[in-house]
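As structure tokens, the structure follows; a few thoughts come after it.
These numbers come from a predicted model, not from an experiment.
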Amino acid sequence: MDLQPIYGTERPVPSVTNHLIAPKAPFIVEVTPQERNILSGVGNLLMKAFKNYDNPDYISALHLHAYQLLPERITRILSRFGTDFSADQYGALIFRGLVEIDQEDLGPTPPQLAAGRLFQTS
């Protein structure tokens, strides 16, 4: 597998100016089709080598080689996320477009999660 760096534009991490207010939602990363193909290829190579996601050697190899195998933009986002201990950090990332989801097979959204109530706190 020939790995090549991907250069692209990044959205800056949203920042809350008032540090007394916690962030309301995770940072959403739009995964490009090229990044998706690279990430899928890396996952397939590791699965062939280790046979199981629960294999401790798989997890060690993934962590060890992540910054060499992952697309450059994704690695920069993960690195920034892993070193940001500020009050602006929500504590989660969403990678939109990484996997296809069959909405028909998944079924309807439960009413308690509908209309954007997933990230609201009471």
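- Atom OG1 of Thr75 is separated from atom CG of Leu69 by 10.0 Å, given to the nearest 0.5 angstrom.
- When atom types are taken as modelled, the side chain of Asp84 and the backbone of Arg80 share no donor-acceptor pair closer than 3.5 angstrom.
- Residues Ile74 and Glu35 meet the side-chain proximity criterion, which asks for heavy atoms closer than 4.5 Å.
- At a threshold of 4.5 Å between non-hydrogen side-chain atoms, the residues Gln89 and Phe81 count as touching.
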Practice prompt. Let me see the working for Ile77 and Phe27 under side chain to side chain contact (heavy atoms under 4.5 Å, CB included), right down to the final yes or no.
Written response: CA-CA 10 Å; Ile77 291 168; Phe27 181 62; 4.3 Å; yes
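- At a threshold of 4.0 Å, the pair Arg36-Glu100 counts as salt-bridged, since one of the basic side-chain nitrogens sits closer than that to a carboxylate oxygen.
- Ala92 approaches Pro26 most closely through the heavy-atom pair O-CB, 3.3 Å.
- Contact annotation: the side chain of Lys51 never approaches that of Asn55 to less than 4.5 Å [non-hydrogen atoms, C-beta and beyond].
- Between Leu78 and Leu93 there is a side-chain heavy-atom pair separated by less than 4.5 Å.
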Worksheet item: What's the verdict on side chain to side chain contact (heavy atoms under 4.5 Å, CB included) for Glu30 and Thr32, showing C-alpha distance, side-chain angles and the deciding distance?
Response: CA-CA 6 Å; Glu30 297 289 341; Thr32 68; over 6 Å; no
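- No side-chain heavy atom of Arg96 sits less than 4.5 Å from a side-chain heavy atom of Leu98.
- Between Phe95 and Leu39 there is no side-chain heavy-atom pair separated by less than 4.5 Å.
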